[in-house]
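Positions are given from 1 along the sequence. Fair warning: this is a prediction, and the values are worked out from it, not measured in the lab. What's counted below: heavy atoms across the whole structure, side chains too, no hydrogens, waters or symmetry copies.
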Amino acid sequence: MADEKTPDGEETPGEGAVEKAGRWIADLAEKVMVNGVGPVTGSVTWAEDRLSRRQGADYRAPDDDERRDPEDMKDDIDAVIARLIRESVAAAGTQGFVTGLGGLITAGVTIPANVAASLAINMRMAGSIAHLRGWDIGDPHVRTVAMMLAIGMSAQNVLASFGVKVGQKLGEQVIKKIPITVIRAINKKAGTHLVAKYGTQRAAITLAKGIPILGGIVGGAVDAGATAVIGRATDKALRDGTLRADEPK
């Protein structure tokens, strides 16, 4: 059985496959969104680079007092997000890029490299969209929301995980007040999904009773088409600094 890392990075006995997978995907979200991995830059760096290319001389960095309000940059932000989604779709559909990236992030987990790479591509995309829509992806609570959307979880199910009814909105400041133990529980559910999908047959059977919180990974891979769908759904869910989901029709 694997060991669990403490906050100091040391390992303690008692971590199972589910916990390990949950910790791995949360760590992956932090690496990809905050710092980047391999040839992939972090979400904020990527988003701001594309925004600066769009705005040219009018561009101002996030910490610049002269930076315009997001509402005043709506057309630019909409255009940049559309570009980020297109670039992510292209990356997800490039086998050589996906294979190379996957090899950098699968150490210690039994997840196919192409699947891990697709998850990383979608997480960076979701983090970039969240940033441009006014969310602070430096906060682990916000990263969990973006991670859940990136894996293919619907906005309705994300809201339900936080105890919010469909049709209501959940603001960033409220999300940040949720106990970290709840966030860890959600990460564990993500681990349940990963192990059930990509672990041994016995693990899949054992974990079949786990909460089916995540969806969208079909046939063992997240393809370019799924990346496009996830990008649009993430943008729709995170506009105006609130997590929202439409009432079912």
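Atom CD1 of Ile175 sits about 9.0 Å away from atom CG of Asp139, to the nearest 0.5 Å. In this structure, Asp136 CG and Arg143 CZ are separated by 9.0 Å, a value rounded to the nearest 0.5 Å. Rounding to the nearest 0.5 Å places NZ of Lys236 at 12.5 Å from CG of Leu149. Note: Ile129 CD1 to Ile81 CD1 = 5.5 Å, rounded to the nearest 0.5 Å. Annotation: the span from Arg60 atom CZ to Met73 atom CE amounts to 11.5 Å, rounded to 0.5 Å. Remark: Met147 CE to Asp27 CG distance equals 10.5 Å, nearest 0.5 Å.
Partners of Arg133 under the salt bridge (charged side-chain N to carboxylate O under 4.0 Å, His left out) rule, at least two apart in sequence or in another chain, are Asp78, Asp235. With sequence neighbours excluded, the residues satisfying side-chain hydrogen bond (donor to acceptor under 3.5 Å, both in side chains) with Glu87 are Trp46, Arg50, Arg83. Here Arg86 pairs with nothing under the side-chain hydrogen bond (donor to acceptor under 3.5 Å, both in side chains) rule; sequence neighbours left out. Judged as a side-chain hydrogen bond (donor to acceptor under 3.5 Å, both in side chains), and not counting sequence neighbours, Glu71 has no contacts. Considering only residues two or more places apart in sequence or on other chains, Asp65 meets the side chain to side chain contact (heavy atoms under 4.5 Å, CB included) condition with none of them.
Closest of all the heavy-atom pairs between Ala61 and Arg67 is O-CD, 3.3 Å. Nearest heavy atoms, Ile137 versus Ala130: CG2-CB, 3.9 Å. Nearest approach of Arg54 to Val80, heavy atoms of both residues: CB-CG2, 3.9 Å. Considering all non-hydrogen atoms of both residues, Ile230 and Ala150 come closest at CD1-O, 3.3 Å. Across every non-hydrogen atom of Asp76 and Leu51, the tightest pair is CB-CD1, 4.2 Å. Across Val145 and Leu238, no two heavy atoms sit closer than the pair CG1-CD2, 4.2 Å.
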Under the criterion side chain to side chain contact (heavy atoms under 4.5 Å, CB included), I'd like the reasoning laid out for His131 against Glu48: C-alpha separation, chi angles, the key distance, then a yes or no. CA-CA 9 Å; His131 168 70; Glu48 289 298 321; 2.7 Å; yes
Passes side chain to side chain contact (heavy atoms under 4.5 Å, CB included), Thr234 versus Met125? Steps please. CA-CA 9 Å; Thr234 298; Met125 174 181 66; 5.6 Å; no
Donor-acceptor pairs under 3.5 Å, side chain of residues 33-45 to any protein atom, not counting sequence neighbours: which ones?
unit_1	atom_1	unit_2	atom_2	d
Thr41	OG1	Arg124	NH1	3.3
Ser43	OG	Arg124	O	2.9

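By the criterion of side-chain heavy atoms lying less than 4.5 angstrom apart, applied directly or through intervening Ile, Leu, Val, Met, Phe, Trp or Tyr residues, Val229 is not grouped with Leu119; the two fall into different hydrophobic clusters.
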